[in-house]
Amino acid sequence: MYLFLLGLVVFYYLYRWVRELPRVSDKGSKYVYITGCDSGFGNLLAHHLDKQGFRVIASCFTEKGEEDLKKSCSSNLTTVHLDVRSKDSVSKVAAMIKDKVGERGLWAVVNNAGVSVPSAPCDWLTIDDYKSMLDVNLNGVIAVTLSVLPLIKKACGRVVNVASVFGRISVTGGPYPLSKYGVEAFNDSLRLNMAPFGVKVLCIEPGFFKTAVTDVAVLCKNVKMLWERLPQEVKDDYGPEYLQRALDMISDKIAKMSDGDLMKVVSCMEHAVSAVRPRTRYSPGWDAKFFWLPLSYMPTCISDYIVAKEAIPVARQKQ
């Protein structure tokens, strides 16, 4: 019986592997718009798709990001400045893309741009802290997608949204998981809406990887800044040792958990863009596959217990 079940599992994964092998043809006529190409996943994806022959439109937030890509990629790659928080910036890039792609339309948009700060317990933050991150991680994804959606419909193309395992389970306070849950919801609703038009909407849900989002120095600086502005009564609730313990946890656990092989994520992105039959969801990273996603399916009482067990204790606990 067990061997039969094992055989079914092996057959399923072998069938899926073979089914997902074919790639789209005529890559040289297909335009792919990627956000957040200054570094990390977006930068690597721009290089990777450029080498494969796609016509990449790589948006960067900084001039340096644009310059570095121009130097290291082919002349087929186009760089543009984009601030996903700005309606004018998003519209300007969308107009440029419309002129460039013409009647063939836009093959894919990859919504990769995102930030991870400010992040902290909810009662450390203000509504402006939430708005600042949501403007990038969620509203930016929606704005960029809607700005080029008519072009994607014309090409029967793809929308690839980069969410996170924290779009499945919330283990930290603040706007980050909120923004990623929002991306998941937008992704699901858009996928259903666009199916009749032949548009595929796909989601990438990475675990922990060594990018700017998990940069220890940035995260520690963020926690220190937020702690220093807290009212004394909130500091008293958490206790004088809480800050140092939080910094130690970031320096130790996040650094150890973060995978340095960014190609695990980029390969999923490339498959979503170029496969004839892409997956609806991708979960790159062993931590995503074997810890975070299984944890998200557990009863809330169990997942809460596991998360709380690893949490930093606070000084003023309810008895």
| task | Check the pair R158, V273 against side-chain contact (heavy atoms from CB on, under 4.5 Å), reporting the backbone distance first and the verdict last. | result | CA-CA 7 Å; R158 284 103 190 267; V273 169; 5.6 Å; no
| field | Derivation of the side-chain contact (heavy atoms from CB on, under 4.5 Å) call for F208 and W292 | value | CA-CA 10 Å; F208 279 81; W292 298 115; 3.7 Å; yes
| said: For V159 and I152: C-alpha separation, side-chain torsions, deciding distance, then whether side-chain contact (heavy atoms from CB on, under 4.5 Å) applies. | reply: CA-CA 8 Å; V159 177; I152 293 172; 3.9 Å; yes
| request: Please test L44 against E270 for side-chain contact (heavy atoms from CB on, under 4.5 Å), starting from the C-alpha separation and ending with a verdict. | output: CA-CA 10 Å; L44 280 175; E270 180 271 327; over 6 Å; no
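Residues V162 and I142 do not share a hydrophobic cluster, clusters being chains of Ile/Leu/Val/Met/Phe/Trp/Tyr side chains in contact below 4.5 Å. Hydrophobic clustering (side-chain heavy atoms under 4.5 Å, transitive across Ile, Leu, Val, Met, Phe, Trp, Tyr) keeps L77 apart from V148. Both Y130 and L219 sit in one connected hydrophobic cluster of ILVMFWY residues. Membership requires side-chain heavy atoms under 4.5 Å apart, directly or through other members. There is a path of hydrophobic side-chain contacts, each under 4.5 Å, that joins L202 to F41. There is a path of hydrophobic side-chain contacts, each under 4.5 Å, that joins W107 to L49.
Within the 4.5 Å cutoff, the side chain of F166 has heavy atoms near those of the Y176 side chain. A 4.5 Å side-chain heavy-atom check between L82 and Y33 finds at least one atom pair inside the cut-off. For the pair Y297/I169, no side-chain contact is recorded, criterion being any heavy-atom separation below 4.5 Å from C-beta on. V165 is not listed as a side-chain neighbour of P206, based on a closest heavy-atom distance of 4.5 Å or more. Y282 is not listed as a side-chain neighbour of V265, based on a closest heavy-atom distance of 4.5 Å or more.
Ion pairing between R191 and D188 holds under the 4.0 Å rule for side-chain N and carboxylate O. In summary, D252 and K256 engage in a salt bridge, as defined by a charged side-chain N under 4.0 Å from a carboxylate O. We find that D26 and K30 are not joined by a salt bridge, their nearest charged nitrogen and carboxylate oxygen being 4.0 Å or further apart. E205 and K289 are not joined by a salt bridge, as no carboxylate oxygen comes within less than 4.0 angstrom of a charged side-chain nitrogen. Using a cutoff of 4.0 Å between basic side-chain nitrogens and carboxylate oxygens, K264 and D259 are scored as salt-bridged.
Side-chain N or O atoms of D38 include one that pairs as donor or acceptor with a backbone N or O of T62 at under 3.5 Å. No donor-acceptor distance shorter than 3.5 angstrom exists from the side chain of D129 to the backbone of P118, with no hydrogens or angles considered. Using a distance-only test at 3.5 Å, with no hydrogens or angles considered, a donor-acceptor pair links the side chain of N43 to the main chain of C37. Between the side chain of T214 and the backbone N or O of T211, at least one donor-acceptor pair lies under 3.5 Å. Side-chain N or O atoms of K210 include one that pairs as donor or acceptor with a backbone N or O of A255 at under 3.5 Å. With hydrogens and angles disregarded, a donor-acceptor distance shorter than 3.5 Å links the side chain of D50 to the backbone of S74. Between the R23 side chain and the L21 main chain, a donor and an acceptor come within less than 3.5 Å of each other.
A pairwise comparison of heavy atoms in A272 and V160 identifies CB-CG2, 3.9 Å as the closest pair. Annotation for H81 and V93: closest pair O-CG2, 3.5 Å, computed over non-hydrogen atoms. Residues D83 and V90 come closest through the heavy atom pair O-CG2, 4.0 Å. Residues R229 and W124 share a closest heavy-atom pair of NH2-O, 3.5 Å.
Centroid-to-centroid, the aromatic rings of Y238 and W227 stay 6.0 Å apart or farther.
No hydrogens or angles considered: a donor-acceptor pair under 3.5 Å links the side chains of S72 and H47. No side-chain donor-acceptor contact under 3.5 Å links N222 and S119.
Taking OG of S132 as the start and CG of N137 as the end, the distance is 9.0 Å to the nearest 0.5 Å. Atom CG of residue L230 and atom OH of residue Y242 lie 10.5 Å apart, to the nearest 0.5 angstrom.
More than 12 heavy atoms of other residues, nucleotides or ligands lie within 6.0 Å of CD in E20, so this atom counts as buried by the packing criterion.
In the hydrophobic clustering, where aliphatic and aromatic side chains (Ile, Leu, Val, Met, Phe, Trp, Tyr) are joined below 4.5 Å either directly or transitively, L192 stands alone.
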For a quick test of your reading: what N or O donor-acceptor pairs under 3.5 Å do the side chains of residues 300-314 make, sequence neighbours left out?
unit_1	atom_1	unit_2	atom_2	d
S303	OG	T300	O	3.1
E310	OE1	K253	NZ	2.8

